[in-house]
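Here is the naming used below: chain letters follow the sequence lines, and residue numbers restart at 1 for every chain.
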There are 4 protein chains.
Amino acid sequence: MSGIHERHTGAAATIRKRPGRPRDPIAEQRILDAAINEFLERGAARFTMDGVARRAGVGKSTLYLRWADRDALLVESVRARSRSIEAVDTGSLRGDLIQLTTNLLRFLLEPVGYATFRITVDAVANPAYENVAKELAQRHRHAARRVFERARERGDAIDEAAVDPVVECLYGAVTMQVLNRGLGRPFASDSDLATRCTSTVDLVMRLLEP
Amino acid sequence: MSGIHERHTGAAATIRKRPGRPRDPIAEQRILDAAINEFLERGAARFTMDGVARRAGVGKSTLYLRWADRDALLVESVRARSRSIEAVDTGSLRGDLIQLTTNLLRFLLEPVGYATFRITVDAVANPAYENVAKELAQRHRHAARRVFERARERGDAIDEAAVDPVVECLYGAVTMQVLNRGLGRPFASDSDLATRCTSTVDLVMRLLEP
Amino acid sequence: MSGIHERHTGAAATIRKRPGRPRDPIAEQRILDAAINEFLERGAARFTMDGVARRAGVGKSTLYLRWADRDALLVESVRARSRSIEAVDTGSLRGDLIQLTTNLLRFLLEPVGYATFRITVDAVANPAYENVAKELAQRHRHAARRVFERARERGDAIDEAAVDPVVECLYGAVTMQVLNRGLGRPFASDSDLATRCTSTVDLVMRLLEP
Amino acid sequence: MSGIHERHTGAAATIRKRPGRPRDPIAEQRILDAAINEFLERGAARFTMDGVARRAGVGKSTLYLRWADRDALLVESVRARSRSIEAVDTGSLRGDLIQLTTNLLRFLLEPVGYATFRITVDAVANPAYENVAKELAQRHRHAARRVFERARERGDAIDEAAVDPVVECLYGAVTMQVLNRGLGRPFASDSDLATRCTSTVDLVMRLLEP
DNA sequence: TTATAAGCGAGACGGTACGTCACGTCTTTAG
DNA sequence: CTAAAGACGTGACGTACCGTCTCGCTTATAA
């Protein structure tokens, strides 16, 4: 970890006074774009560093200067594209849950979204993906937590013990639907997708009644 | 594809009348055993055909004569070992569901079981896995269906409309637990695992009340 | 040599009462035809047993039952097609030598003929070709010997000590011409080829004068 | 073919301006050494790329980066070792021819030398060998030409028209002797070999008298 | 101004595995 | 009881990536 693959130098405090040529800030984005295209066109298994370097018009050394290995770049390129699905606030618990569930389902039905799921799945066996998987899980958990916090603030009567299992069921149900359906056969319409989510939410919400 | 990689010659009718040396039936099992060991020891990513051939004391050509490629063999070796988790009959709906859920969770926490899950996940993007994924889904669906059939036969009052969503939630909840937990950190004890499943089942069973 | 790869069962005397399934009499010719085609189309290096078997519509064991190995079949298929070039009798030594030389040159410029030469060349390093090479050398030597025998019978005055070296030079010169020329660039005409041989013969014949 | 397997970058003018890591000049020699050893120990047929790579301590990709295929490397390694047989200057035409012929015969009786001959023979049917064959032929032709040039400079009386056929006969005769003799049965002694060449030269030299 | 440090594109390098292909053997059933 | 069919063990082929390395630059800070 000693200065190699440092990416989140972040902090404006360290204004960076290191000698030597600074990293090309444009290259970073070109590489991530190339990587996500490589991923979308060829899939995770056939995603290659040589391919990304060629697409980005960049030497392989530049890739390995910034990312430790293939997995790291693959993960980051996918993560960079995974749009935020957490922003949800409809004014009611039911509305929020429907929105959340619909967002998740829609997200998982896109290549990039599904890729984040696959990364989570692979993370169980591949430590390289562990951190991203944790981060993604964190984001989903956080979103759910916010929804229920707001419900509490509004004074809704909720069986607190049921919250976690219900979220688990909701997310799980969405996952099952994606697996059963596949990327190839998306829902007929966006409203069809929403309807499906609505009925699931309406069903499990009964479990929240104290 | 005609006649190549034919594996399910099936039909006892055609007792095999093809001339020439028949495929060694023992080799088949030796290869699958070697393959599953290769898989368990080295993981899916480092699973190699040369390794399997060496372990099985078999030529690579024999492998490629029977399986189209690395993925096909990997999938089949895993599938061959995925023990039947469907056999469930405790006498009550609640008992059956708990048993079913516990079996599934325990299965998914083993390397082979988790591999079948990964195959299902990959199948969404990789047509090569489609058939196996369908077969696995079929087996799970069948098991659940049997449980509810028996409940109906016993005269249990069930909200039929809720059956499918409930199963979806149950299986989904188990999946979520596996993903959140990882293979590395199994449950403290088998009873701990069972307790967890019991509470989940008890929760969602409320949705089946008419 | 004990009954394996027996090929010249010949002699009608042995009417053949050997037990067991008789050999398919048609197979032999079909195989040789397939072999020479395989050879002509793909060359000696890419000549394969599987290819011959496929062309002949025959199992590989049928090949190995009759020929010891790839080389044996290759050699025999070529030898079976190498037309006799020895028959020469023009009435004069000069005429005979010109005829002999021309025949040889023409033969070596054909694929099959050149192949016999290559076999001779390979025989130096590959014992499998030894016998054929010897047989071929024998035939050439025999032809030359006959020519000079007839010359002596006609009473021609010949420096006997020069005969062998002259034949060596003649055959060698023809070989050199083939190597310098290549199969791809044959002589403009057949008479051109004959002219070339005539002048060479006329030159070296001076060495035969006592 | 543009720039791939380029080996004779030659021209000192272009001091090498190609970007990227330059090819290791040491590796080249290591590979050729390994290759010639592989060839001498195992013969042309059992000469393998993996073997060469292992001997040279080099990856296979490095081999294929420089040589198009097995044959190309085999040919080049042999060519690199084919010692110069052209350097001949005894002070007389007869001496030069004897020396030249003896050198050639001795060369062809060694594995590497005979291999160059086989390459020439194969070149007739295999375009891949064409260039090497031409180069080798060129070298032999050049050596012969020099010998006769010096003879002319010394004022020897020579029938110019006979020069080419005589050289053809000499080289051809040597070739015939090698073919008749084989690598396995070398001459009893080096002087035996020289005697043989001397008598052949003495014979054909008569043809050079005007 | 000059020296030193690092980034960069290019591509060679040592490896490892892939999937193919051919050889010559072995194990069946066919005749 | 041999012939024929074709699966088998072996092992090399040529390709594709991996992650590292070495070049000759370019671009910055430090002396």
**Asked** If you find the nucleotide of DNA chain F closest to D:Lys60 and the one closest to B:Val58, which residue's nucleotide is nearer the 5' end?
**Response** B:Val58
**Message:** Check this one for me: any side-chain N or O of C:Arg46 less than 4.0 Å away from OP1 or OP2 of E:dA22?
**Reply:** no
**Prompt:** Can you name the residues that form a side-chain hydrogen bond (donor to acceptor under 3.5 Å, both in side chains) with A:Arg30, not counting sequence neighbours?
**Reply:** none
**Asked** Where the side chain of A:Thr62 is defined as all heavy atoms beyond and including C-beta, which of E:dC13, F:dG9, E:dC8 is the nearest nucleotide?
**Response** E:dC8
**Message:** Suppose we call a contact any N or O donor and acceptor under 3.5 Å apart; does that hold for the side chain of A:Ser61 and the base of E:dG7?
**Reply:** no
**Asked** If you find the nucleotide of DNA chain E closest to D:Arg30 and the one closest to A:Gly59, which residue's nucleotide is nearer the 5' end?
**Response** A:Gly59
**Prompt:** For the side chain of D:Arg21 and the base of F:dC21, is some donor closer than 3.5 Å to an acceptor across the two?
**Reply:** yes
**Request:** Could you tell me whether B:Glu41 and B:Arg55 have a side-chain N and a carboxylate O separated by less than 4.0 Å?
**Result:** yes
**Prompt:** Of D:Ala27 and A:Asp24, whose nearest nucleotide on DNA chain E comes first from the 5' end?
**Reply:** A:Asp24
**Asked** Measuring from D:Tyr129:OH to D:Arg79:CZ, what's the distance to the nearest 0.5 Å?
**Response** 13.0 Å
**D:Arg70 atom CZ, neighbour heavy-atom count above 12 within 6.0 Å** = yes
**Prompt:** When we call it a touch if two heavy atoms are under 4.0 Å apart, what does B:Gly57 touch: a base, just sugar-phosphate, or nothing?
**Reply:** sugar-phosphate
**Request:** Could you check which of E:dC18, F:dC23, F:dC18 has an atom nearest any side-chain atom of B:Tyr64?
**Result:** E:dC18
**Message:** Just N and O in the side chain of C:Arg23: are any of them under 4.0 Å from OP1 or OP2 of F:dA3?
**Reply:** yes
**Prompt:** Any side-chain donor-acceptor pair under 3.5 Å between A:Asp33 and A:Gln29?
**Reply:** yes
**Message:** Here's a test for you: under side-chain contact (heavy atoms from CB on, under 4.5 Å), which of C:Asp71, C:Leu73, C:Val78 qualifies with C:Phe47?
**Reply:** C:Leu73
**Asked** What's the closest nucleotide to the A:Met49 side chain, out of F:dG19, F:dA12, E:dC18?
**Response** F:dG19
**Item:** Rounded distance (Å) that lies between atom C1' of F:dA5 and atom CD1 of C:Ile31
**Value:** 13 Å
**Message:** Using a 4.0 Å cut-off on heavy atoms, which residues in residues 33-42 of chain C reach DNA chain E? List them by number, or say none.
**Reply:** C:Arg42
**Prompt:** Excluding sequence neighbours, so at least two apart, what forms side chain to side chain contact (heavy atoms under 4.5 Å, CB included) with C:Asn131?
**Reply:** none
**Message:** In this structure, how many angstroms lie between the P atom of E:dA22 and the CG atom of C:Asp71, rounded?
**Reply:** 16 Å
**Asked** Between F:dT15, E:dG7, E:dC13, which one does the side chain of D:Arg66 approach most closely?
**Response** E:dC13
**Fill in**
Taken to the nearest whole Å, CG/A:Leu65 to C1'/F:dT27 is 15 Å
**Request:** Starting at atom CG of A:Leu74, determine the distance to atom P of F:dC17, rounded to an integer number of angstrom.
**Result:** 15 Å
**Message:** Expressed as a whole number of angstroms, how long is the span from B:Asp50:CG to F:dC13:P?
**Reply:** 15 Å
**Message:** Nearest whole Å is fine: how far is F:dG6 P from C:Leu63 CG?
**Reply:** 13 Å
**Message:** Between D:Tyr114 (side chain only) and C:Val121 (backbone N and O only), is there a donor and an acceptor less than 3.5 Å apart?
**Reply:** yes
